[in-house]
Protein chains: 2
Amino acid sequence: MNDRKKHVVQMAHQLFIEKGFQSTSIQDILDFSGISKGTFYNYFSSKNELLIAIFKTSYSELHKLRDEVLIGQDPANIETFVKQIEMQLTLNRKKKLITLFEEVMVINDPDLKQFIELGQIRNIRWIYNRFIEIFGEEKKRYLLDCAIMFMGILRENIKFYRLANDANLNIKQVVRYTVNRVVHIVAELEESDEQLIQTEALERWLPDCQKTDHLFRKKFLHSLFTLKNIFHQKHEQLKFTELLEFIEEEVLDSKNPRFFLIKSVLQTLKTVENQTAQIEIEQLEQLVKAYFKEKDVENPYFS
Amino acid sequence: MNDRKKHVVQMAHQLFIEKGFQSTSIQDILDFSGISKGTFYNYFSSKNELLIAIFKTSYSELHKLRDEVLIGQDPANIETFVKQIEMQLTLNRKKKLITLFEEVMVINDPDLKQFIELGQIRNIRWIYNRFIEIFGEEKKRYLLDCAIMFMGILRENIKFYRLANDANLNIKQVVRYTVNRVVHIVAELEESDEQLIQTEALERWLPDCQKTDHLFRKKFLHSLFTLKNIFHQKHEQLKFTELLEFIEEEVLDSKNPRFFLIKSVLQTLKTVENQTAQIEIEQLEQLVKAYFKEKDVENPYFS
DNA sequence: TTCATATTGTACTATCTGTATAAAAATATA
DNA sequence: TATATTTTTATACAGATAGTACAATATGAA
């Protein structure tokens, strides 16, 4: 996506935050971002597609921040999870994502609808995986239900907490309360041994590639993080961190990551004169290689 | 509301169920219900107002059925509550109320938005009151939170249960599971003594008249129910049940119930030759009188 | 400079909500 | 029954909107 297109996405998002999706006309967007109608329809085939672009950039920002919270923290510590949720909520609010989501579910566009739904399922899966880390693999059976209920309780609590304490919202309190409830629900479910939704359902909903695979993502980002730190200390960041950021974007955000390019960039990175960095880069390469191999097995057409 | 207007509301609702609110044009409604544009705008000042009319009729049907479930059952028995929730869910689905609600929250009409929000708060209040009946007055402190969380869990469970078992939804199972969770949450909250939202908030949100007062509604409908039964046995229903239904509508659905009319109708009802019925009518009259008195104190301008 | 591509401006189609109004039909009133 | 009032119809119109079409223009690379 070129800079101009990005600019349009940004301006449109701002307008949507202020006036809502439906109430913002394409003409408004054209005026506000200073492009012509022709250009607009050259970039996006419709207003809905522009909205998808907005969601995609917001998602990737969200995921990035979410992973950053994890760095240097114990993922099994529930306090880390609390921080991640708080971050997610403030970002959601800032970008009015929830409002936009709701606005979308209404428009009779199956593409848009499916996109949002996938995003929500992915979010549930993320919580589910985090719960496994927090509560332990042995409680897996109940944790998908817990993730789903957690989302429900949280959403509803926020809604009415806002109503009760108009606007001056102390998110932390709501998250704390909600997390406390879920901790007890987990314990209670283990006793009563009830299950509503089979955990296998997740794989049916999201049969997609390992790209968002929890473990890979964690290792990958951790590796990038340590490398960035090394380069930062050595004041070599200018060139190398740029390359690292390219890899990050290509692997996580691109639909069809160009493996040959990533390989080449990694080769360039290896020229750094630093023992620890070289070892780390080697590990990163192994990780990425393994990831692409696995992905190719699943999608043989791309191999 | 005259019959023709009611017919339009019904036809429009049907169209909205099939095609959604936004995707149904006013012309569609005109064609489908066989009226002219002029008449439409004579009945409703806008498409949004028509939607409010649809919601109002659906609400009153919902409340009526909800109260009917209660008749002859123990309100403190949680199984009665389960039945009520099941009924509510099937009706919601049939009338696609949730979808329409969501569709509305998006349209930038403050009236519409407020109307829906009020409805949701009233629903929470109803659950809260039912929970008090079920779990006992002494747990009141936690029960508003529980009502809110119950709604959140239920909504999210339904959503993902539907996704997992596409379409062939066994609502009972979901309600059962959700109610079981809430029962434990109530017990757990009593131990941990945490509270998120003050129960006084409800009165701030809904300072409106006693019309929806839980206790009054219950007694009133029970009275009507027994009377209807008496008339039905005696085959005098034709005339008297019509009168009863008029009272029901005037008291529960009308914005400004005409007390003088209700009084007159009750006088007519008293002419029935049946000892038990007369006693019941007497009680009903006392009940309604007390209700209007209370209401007038709150709204002295109407007295 | 030349050529391909990106961008602009503008006119156009089609759809939609809501207004206006005169004529016709139904209903109330005397 | 005759007259007055209200309701309904039919139709034209105004003002927005999403998206299309296309010729003219600008930009940037070879």
Side-chain angles (χ1 to χ4, degrees), chain A residues 1-55 99-100 103-113 115-116, chain B residues 1-55 99-100 103-113 115-116:
Chain A
M1 203 190 290
N2 68 55
D3 286 352
R4 202 148 182 242
K5 195 170 169 185
K6 270 184 195 161
H7 177 250
V8 177
V9 168
Q10 211 181 312
M11 293 295 104
H13 192 173
Q14 198 179 320
L15 282 179
F16 291 166
I17 287 172
E18 286 164 15
K19 319 201 316 177
F21 177 70
Q22 316 233 28
S23 310
T24 303
S25 73
I26 288 186
Q27 195 55 53
D28 291 337
I29 298 167
L30 304 185
D31 296 344
F32 196 59
S33 52
I35 58 160
S36 73
K37 204 167 207 173
T39 306
F40 181 91
Y41 281 101
N42 183 25
Y43 287 158
F44 315 99
S45 71
S46 71
K47 203 178 160 190
N48 289 354
E49 210 176 75
L50 160 65
L51 189 56
I52 289 192
I54 289 175
F55 284 142
T99 318
L100 286 175
E103 199 152 358
V104 159
M105 293 314 282
V106 152
I107 303 161
N108 248 357
D109 181 331
D111 285 353
L112 212 43
K113 223 167 188 164
F115 179 81
I116 299 297
Chain B
M1 204 189 288
N2 68 54
D3 285 353
R4 200 148 183 243
K5 195 171 169 185
K6 270 184 195 161
H7 178 249
V8 176
V9 168
Q10 212 181 312
M11 293 294 105
H13 192 174
Q14 199 180 319
L15 283 178
F16 292 167
I17 288 171
E18 285 164 16
K19 320 202 314 177
F21 177 69
Q22 315 233 32
S23 310
T24 303
S25 73
I26 288 183
Q27 195 55 53
D28 291 336
I29 299 166
L30 304 184
D31 296 344
F32 196 59
S33 53
I35 58 160
S36 73
K37 204 168 206 173
T39 306
F40 180 92
Y41 281 101
N42 183 25
Y43 287 157
F44 314 100
S45 70
S46 70
K47 203 178 160 189
N48 289 354
E49 210 175 75
L50 161 65
L51 189 56
I52 288 192
I54 290 175
F55 284 142
T99 318
L100 286 175
E103 199 153 358
V104 160
M105 293 313 282
V106 151
I107 303 161
N108 246 358
D109 182 330
D111 284 353
L112 213 42
K113 221 167 190 164
F115 179 81
I116 298 297

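Throughout, a chain's letter reflects where its sequence line sits, starting with A, and its residues are numbered from 1.
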For A:Glu18, side-chain hydrogen bond (donor to acceptor under 3.5 Å, both in side chains) partners two or more places apart = none

Can you tell me how far C1' of D:dA10 sits from CG of B:Asp31, to the nearest Å?
-> 13 Å

Tell me, for nucleotides 16-28 of chain D in 5' to 3' order, what letter each nucleotide earns: B for a base near a protein heavy atom under 4.0 Å, S for only sugar-phosphate near one, - for neither?
-> --SBB--------

Respond yes when some side-chain nitrogen or oxygen of B:Arg4 is under 4.0 Å from OP1 or OP2 of D:dT8, and no when none is.
-> yes

Who pairs with A:Asp28 by salt bridge (Lys or Arg N to Asp or Glu O under 4.0 Å), at least two apart in sequence or on another chain?
-> A:Lys19

Spacing of B:Asp31 atom CG and B:Ser25 atom OG [to the nearest 0.5 Å] | 7.5 Å

Only pairs under 3.5 Å count here: list side-chain donor-acceptor contacts from residues 4-17 of chain B, not counting sequence neighbours, and write none if there are none.
from, atom 1, to, atom 2, distance (Å)
B:His13, NE2, B:Lys95, O, 3.1

Using ring pair (Phe, Tyr, Trp, His ring centres under 6.0 Å) as the criterion, list what pairs up with B:Tyr43, not counting sequence neighbours.
-> none

For B:Ser36, which residues count as a side-chain hydrogen bond (donor to acceptor under 3.5 Å, both in side chains) partner, sequence neighbours excluded?
-> B:Thr39

So what does B:Tyr43 hit on the nucleic acid, given a heavy-atom distance under 4.0 Å: a base, only sugar-phosphate, or nothing?
-> sugar-phosphate

Residue set satisfying side-chain hydrogen bond (donor to acceptor under 3.5 Å, both in side chains) with A:Thr24, at least two apart, ordered chain then number -> none

Start and end of chain A contact along DNA chain C [non-hydrogen atoms, under 4.0 Å] = C:dT7 to C:dT8

Exam field: side chain B:Lys37 to backbone B:Ile26, donor-acceptor pair closer than 3.5 Å = no

